[in-house]
There are 2 protein chains.
Amino acid sequence: MVHSLPVTSSLQDYLEVILNLHQEKDTARVTDIADRLDIAKPSVIQALTVLKEKGLIRQDRYGPVELTDEGRRYAMKIRHRHKIIYGFLTQVLGVSPQVAEEDACLVEHDLNSETFDKLLQFMLEQDIDAGLKKELAWQDKGK
Amino acid sequence: MVHSLPVTSSLQDYLEVILNLHQEKDTARVTDIADRLDIAKPSVIQALTVLKEKGLIRQDRYGPVELTDEGRRYAMKIRHRHKIIYGFLTQVLGVSPQVAEEDACLVEHDLNSETFDKLLQFMLEQDIDAGLKKELAWQDKGK
DNA sequence: AAATTATGTTAGGTTTAGCTAACAAGAATA
DNA sequence: TATTCTTGTTAGCTAAACCTAACATAATTT
């Protein structure tokens, strides 16, 4: 199902945060999302409108935000990429956790899938797991 | 000298292209820049206006584009980062040249310098040069 | 030198992604 | 239940970075 394509980096960030909030607190509200992303609430509302149009979330007026199946798949894909990069930066390069976290957020969106595949392969070859295999199993359920 | 800071990713791309054009053809014109970045000429003009305000380039009406010292330093820094990433992607991960080129462009701008330092260190430890030492020397002249 | 072509510029518009101020709805409390 | 506080929404603004159409200047060719 194609929804007049481009899910921008920014929108991907929203999806990822919504997924994380659901897993942590079982619900994702506008205010929580705004706090996590350090963004004003009206900006969140605006982004949610677009995500609804794309069929990636569901939300009734004044209600909580839910991911659709497609939205969840998308969010999981991003989070997976985030973890691969974070793992690489911290375990292989020895970058500090804070900086690795920031940088993972920056690059998780746009790199070619070839690059992610090769990076994951590299990590597994080096037997640097960093919870990646677990995450991979997780991922496969969402497929 | 601080010029009301943020040099955005987009502006950094312009600087990098201007540097490359100068080295290849000894001059950088609006049309060449537009072609390289696959962007319309008026967009280039607009960007050049901002780069002028920041003191990173010089250009008289209808004249060619010149980098200031600060602009050249900036451009060289970006290009250096580009090469480190490209080298890593191709030599370490085995990513294809085209994809590596694209992805290097995407991430060269915003990663923390700690990450670049660690990445370079990693490359040198593995004795994967990829012309990096030469580039480093280059770089130092600009300093 | 006039005409043509190539190059540079201006004006004005679009989209994305943020913002503040004001208001509305819902939830909690006195 | 009336009041207050929290949360969600609308309206309207801004800035960055692109665009097209139209025009101006410069360079080249006839």
Side-chain angles (χ1 to χ4, degrees), chain A residues 3-18 21-22 24-54 56-67 74 78 102 105-110, chain B residues 3-18 21-22 24-54 56-67 74 78 102 105-110:
Chain A
H3 298 279
S4 67
L5 284 172
V7 180
T8 62
S9 300
S10 165
L11 293 177
Q12 290 176 25
D13 280 332
Y14 286 98
L15 290 178
E16 206 180 353
V17 164
I18 294 165
L21 283 169
H22 260 105
E24 290 167 37
K25 341 179 32 171
D26 232 70
T27 183
R29 297 178 318 153
V30 171
T31 301
D32 300 328
I33 299 169
D35 288 349
R36 282 284 167 102
L37 290 170
D38 197 26
I39 265 174
K41 285 183 292 175
S43 307
V44 174
I45 298 279
Q46 189 178 259
L48 294 182
T49 306
V50 181
L51 289 171
K52 276 182 227 172
E53 281 167 12
K54 295 192 184 301
L56 298 170
I57 62 164
R58 257 174 280 108
Q59 185 222 21
D60 308 317
R61 229 153 171 275
Y62 298 100
V65 181
E66 305 288 347
L67 291 165
Y74 209 123
I78 306 300
E102 279 174 35
C105 286
L106 289 174
V107 306
E108 70 194 15
H109 305 294
D110 303 320
Chain B
H3 297 281
S4 66
L5 284 174
V7 179
T8 62
S9 301
S10 164
L11 293 178
Q12 290 176 25
D13 280 333
Y14 286 98
L15 290 178
E16 206 181 351
V17 163
I18 294 164
L21 283 169
H22 260 106
E24 292 168 34
K25 342 179 29 170
D26 233 70
T27 181
R29 298 178 317 153
V30 171
T31 300
D32 300 329
I33 299 169
D35 287 350
R36 281 284 166 102
L37 290 171
D38 196 25
I39 265 172
K41 286 183 290 176
S43 307
V44 174
I45 299 278
Q46 190 178 258
L48 295 182
T49 307
V50 180
L51 289 170
K52 275 181 224 173
E53 280 166 13
K54 296 192 183 300
L56 298 169
I57 63 164
R58 256 174 280 107
Q59 184 222 22
D60 308 316
R61 229 152 171 276
Y62 300 99
V65 181
E66 304 290 345
L67 291 165
Y74 210 123
I78 305 299
E102 280 174 35
C105 286
L106 289 175
V107 304
E108 70 194 17
H109 305 294
D110 303 319

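Model, not experiment: these values are computed from the prediction. Throughout, a chain's letter reflects where its sequence line sits, starting with A, and its residues are numbered from 1.
Between Arg61(A) and dA25(C) there is no side-chain polar atom (N or O) within less than 4.0 angstrom of OP1 or OP2. Side-chain nitrogen and oxygen atoms of Gln12(B) include none within less than 4.0 Å of the OP1 or OP2 phosphate oxygen of dA17(D). The phosphate of dC18(D) (OP1 or OP2) has a side-chain N or O of Tyr14(B) nearer than 4.0 angstrom.
Note: CG (Asp35(A)) to C1' (dG8(D)) measures 13 Å, nearest angstrom. Distance Ile39(A) CD1 to dT14(D) C1': 15 Å, rounded to the nearest Å. Atom pair Lys52(A):NZ and dG8(D):P shows a separation of 12 Å (rounding to whole Å applied). If you take CZ of Arg29(B) and P of dA27(D), they are 11 Å apart, rounded to a whole angstrom. A straight line from CG of Leu37(A) to P of dG18(C) spans 8 Å, rounded to a whole angstrom. Rounded to whole Å, the distance from CG on Asp32(B) to C1' on dG8(C) is 12 Å. Following rounding to the nearest Å, Asp38(A) (CG) and dG18(C) (C1') show an atom-to-atom distance of 12 Å. The nearest whole Å value for the distance from the CD1 atom in Ile33(A) to the P atom in dG8(D) is 9 Å.
Distance CG/Leu37(B) to CD1/Ile18(B): 8.5 Å, rounded to 0.5 Å.
A heavy-atom distance below 4.0 Å to DNA chain D is reached by these residues of residues 40-50 of chain A, ordered by number: Lys41(A), Pro42(A), Ile45(A).
The side chain of Val30(A) has dG8(D) as its nearest neighbour among dG8(D), dG8(C), dA17(D). Each of dT9(D), dA17(C), dG8(C) was ranked by its minimum atom distance to the side chain of Ser10(A); first place goes to dA17(C). When the nucleotides dG8(C), dG8(D), dC19(C) are ranked by their closest atom to the side chain of Gln59(B), dG8(C) comes out on top.
Val107(B) is not listed as a side-chain neighbour of Leu106(A), based on a closest heavy-atom distance of 4.5 Å or more. Residues Tyr14(A) and Ile39(A) have side chains in contact (heavy-atom distance under 4.5 Å, counting atoms from C-beta outward). Contact of the Asp13(A) side chain with the His109(A) side chain is registered, since non-hydrogen atoms from C-beta on lie closer than 4.5 Å. Counting heavy atoms from C-beta on, the side chains of Leu21(A) and Val17(A) come closer than 4.5 Å.
Across every non-hydrogen atom of Val7(A) and Gln12(A), the tightest pair is O-NE2, 3.0 Å.
With sequence neighbours excluded, the residues forming a side-chain hydrogen bond (donor to acceptor under 3.5 Å, both in side chains) with His22(B) are Glu66(B), listed by chain and number.
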